[in-house]
Asks: 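What follows is a single structure, and I will ask about it in a moment.
A note on names: the letters A, B, ... follow the listed sequences, proteins ahead of strands, and every chain is numbered from 1. Remember, predicted model here, so these are calculated numbers, not experimental data.
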Protein chains: 2
Amino acid sequence: MAVCSALQDDEVSELERAMSFVRLGPNDALVEEGEPRRRVYTLTSGMLRLSLALPDGRRQITGFLLPGDYLGLADDETYAQTAEAVMPSGLCSFSVRDMDRLVERFPRLRDRLHLMTRAALRQARETQMILGRLTPSEKVASFLLSMSARAVAHGRPASPVLLPMTRTDIADYLGLTIETVSRTFTKLKTQGLIRLPDPHSVEILDRDRLATVAGITIN
Amino acid sequence: MAVCSALQDDEVSELERAMSFVRLGPNDALVEEGEPRRRVYTLTSGMLRLSLALPDGRRQITGFLLPGDYLGLADDETYAQTAEAVMPSGLCSFSVRDMDRLVERFPRLRDRLHLMTRAALRQARETQMILGRLTPSEKVASFLLSMSARAVAHGRPASPVLLPMTRTDIADYLGLTIETVSRTFTKLKTQGLIRLPDPHSVEILDRDRLATVAGITIN
DNA sequence: CGACACGTTGATTACGTTCAAAGAGTGTGG
DNA sequence: CCACACTCTTTGAACGTAATCAACGTGTCG
């Protein structure tokens, strides 16, 4: 659990006493936008999507959480966004009260959380650039490279990138329609940059050219 | 200075001893993307724009700073974004070393900074929704309402909203072209929702209908 | 006055969306 | 076991909107 990586063994065991486990199936909602923030979580396995919704149903996915990521970094009294499982997922859960107490006692834990919040903010701003200024091809290419880099950071191979989320999720993340996402995958495939053994795995055939398409927005 | 609002008088005076002042004229750059982060700043007057740039010149403005806002919340060893003055601006400046020491000694200061970082993250995610899912009219309307709300938070009137930034800045913030921004202002004017005494001040004539156009994305 | 930056407006184009349909994969029930 | 329903993805055709290209207007400063 990445949030613990800054702690000593005795501190970790203290943390473990306060925590409980949660299992989620695909599309299960963990928390809903606007709900009071009673518990915080760290993802141990699977993948979560974070999203904001408009009254008319439009949706923006603000990010995908991978194992080690923390849920509730930005939120205050209530959750500002919905969190749902993309695939079967496991989480460690703490009451906000317990976590506040632990943070008080273990400065390293607090520093770690602050660090993660700052990284999330940098990431969110990078995403603003992607949403506001990149073309569909650039968006999809940078998304693939980003997911590949995150896989590597988790000790997984860089190349068959696994995308457990649907095309709708990708579209709602990149500010596109599912048709445009699908067509863009097809285009990258036609150009020989990727292979699509199936819709949820992407083999990167030419990383350099893909990075060029992405406009060197490697994150 | 908002960053001090959580401190006691003697703590504030301690802070003041470590700080120096900076003045910027319009379009002066305070820090550049990629530059090492040696100092941090709080804005005392004026307005700053934060931006990311692509090699080909495309630009995304990630936010506008108003007095009380802190520069360097997200940044680590280097600044992740460029900060430039939109209008004549004044700032308080601290060396990172001094600030780290002060944060160590005054927990309230640290908590305050963490709180501001979390608020910035929520804001950035709200902006992701604006960039990814709103139409040009909705973008401009929500931008006007947001700037109006921030003016009110600074004790200024809600209605003639002052927009010291150029149309190019607004376009680069909302992910549009200057022509579209200009046309959208004209359209809102024609619909009787706003008045445009001059390009840099917007009088809100019908706040409710403007909020409807914004898609109830009031932040 | 002339040069320049900024904003607005108009005409045209092009790209992504929308609408529509078909294909692929999966699970359920007859 | 297969038919059927359902979801997800892909592909095609038509449309519409924002981008692009271009010109003009306005204000400011040297």
Asks: Figure out the CG/P separation between B/Leu174 and D/dA18, and round it to whole Å.
Replies: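 About 13 Å, once rounded to whole Å.
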Asks: What N/O pairs connect the protein and nucleotides 23-30 of chain D at under 3.5 Å? Give each pair on its own line.
Replies:
none

Asks: Does B/Arg112 make a cation-pi contact with B/Tyr70 (under 6.0 Å, within 45 degrees of the axis)?
Replies: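 The answer is no; the distance or angle limit is not met.
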Asks: Return the value, rounded to whole Å, for the distance between atom NZ of A/Lys187 and atom P of D/dT10.
Replies: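 To the nearest whole Å, that distance equals 15 Å.
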Asks: With a 3.5 Å distance limit and no angle check, can you tell me whether B/Asp98 reaches the backbone of B/Ser95 through a side-chain donor-acceptor pair?
Replies: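 No; zero donor-acceptor contacts below 3.5 Å.
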Asks: Could you check how far CG of B/Asp169 sits from C1' of C/dA5, rounded to whole Å?
Replies: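 It is 13 Å, rounded to the nearest whole Å.
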Asks: Name the atoms and distances for all side-chain donor-acceptor pairs under 3.5 Å in residues 154-163 of chain A, with sequence neighbours left out.
Replies:
from     : atom 1 : to       : atom 2 : distance (Å)
A/His154 : ND1    : A/Arg150 : O      : 2.9
A/His154 : NE2    : A/Pro67  : O      : 2.7
A/Ser159 : OG     : A/Ile204 : N      : 3.2

Asks: Looking only at atom types and distance, does a side-chain atom of B/Arg118 sit under 3.5 Å from a main-chain N or O of A/Asp75, one as donor and one as acceptor?
Replies: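 At least one qualifying donor-acceptor pair exists.
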Asks: Got a sec, which residues hit side chain to side chain contact (heavy atoms under 4.5 Å, CB included) with A/Thr78, two or more places apart in sequence or on another chain?
Replies: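 Applying side chain to side chain contact (heavy atoms under 4.5 Å, CB included) to A/Thr78 gives none.
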Asks: Could you state the CG-C1' distance from A/Asp198 to C/dT26, rounded to the nearest angstrom?
Replies: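 Between C1' of C/dT26 and CG of A/Asp198: 14 Å.
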Asks: Not counting sequence neighbours, list each pair that qualifies as a ring-ring contact (aromatic ring centres under 6.0 Å, His included) and has a residue in residues 30-53 of chain A.
Replies: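 Of all non-adjacent pairs touching residues 30-53 of chain A, none passes ring-ring contact (aromatic ring centres under 6.0 Å, His included).
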Asks: Output a table of nitrogen or oxygen pairs between the protein and nucleotides 7-11 of chain C separated by less than 3.5 Å.
Replies:
from   : atom 1 : to       : atom 2 : distance (Å)
C/dG7  : OP1    : B/Arg167 : N      : 3.3
C/dG7  : OP2    : B/Arg167 : N      : 3.0
C/dT8  : OP1    : B/Arg167 : NH2    : 3.3
C/dT8  : OP2    : B/Arg167 : NE     : 2.8
C/dT8  : OP2    : B/Ser182 : OG     : 3.0
C/dT8  : O5'    : B/Ser182 : OG     : 3.1
C/dT9  : OP2    : B/Thr186 : OG1    : 2.6
C/dG10 : N7     : B/Arg183 : NH1    : 2.9
C/dG10 : O6     : B/Arg183 : NH2    : 3.2
C/dA11 : N6     : B/Arg183 : NH2    : 3.3

Asks: Taking A/Arg23 first and then A/Asp28, would you say they form a salt bridge - that is, a charged N and a carboxylate O separated by under 4.0 Å?
Replies: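 Salt bridge: no.
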Asks: Return the value, rounded to whole Å, for the distance between atom NZ of A/Lys139 and atom P of C/dG16.
Replies: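 To the nearest whole Å, that distance equals 9 Å.
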Asks: Once you round it to whole Å, what is the distance between P of C/dC15 and CG of A/Leu176?
Replies: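 Computing the A/Leu176:CG to C/dC15:P distance gives 15 Å.
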Asks: Show me the pairs that pass ring-ring contact (aromatic ring centres under 6.0 Å, His included) and involve residues 131-150 of chain B, at least two apart or across chains.
Replies: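 Non-adjacent pairs meeting ring-ring contact (aromatic ring centres under 6.0 Å, His included): B/Phe143-B/Tyr173.
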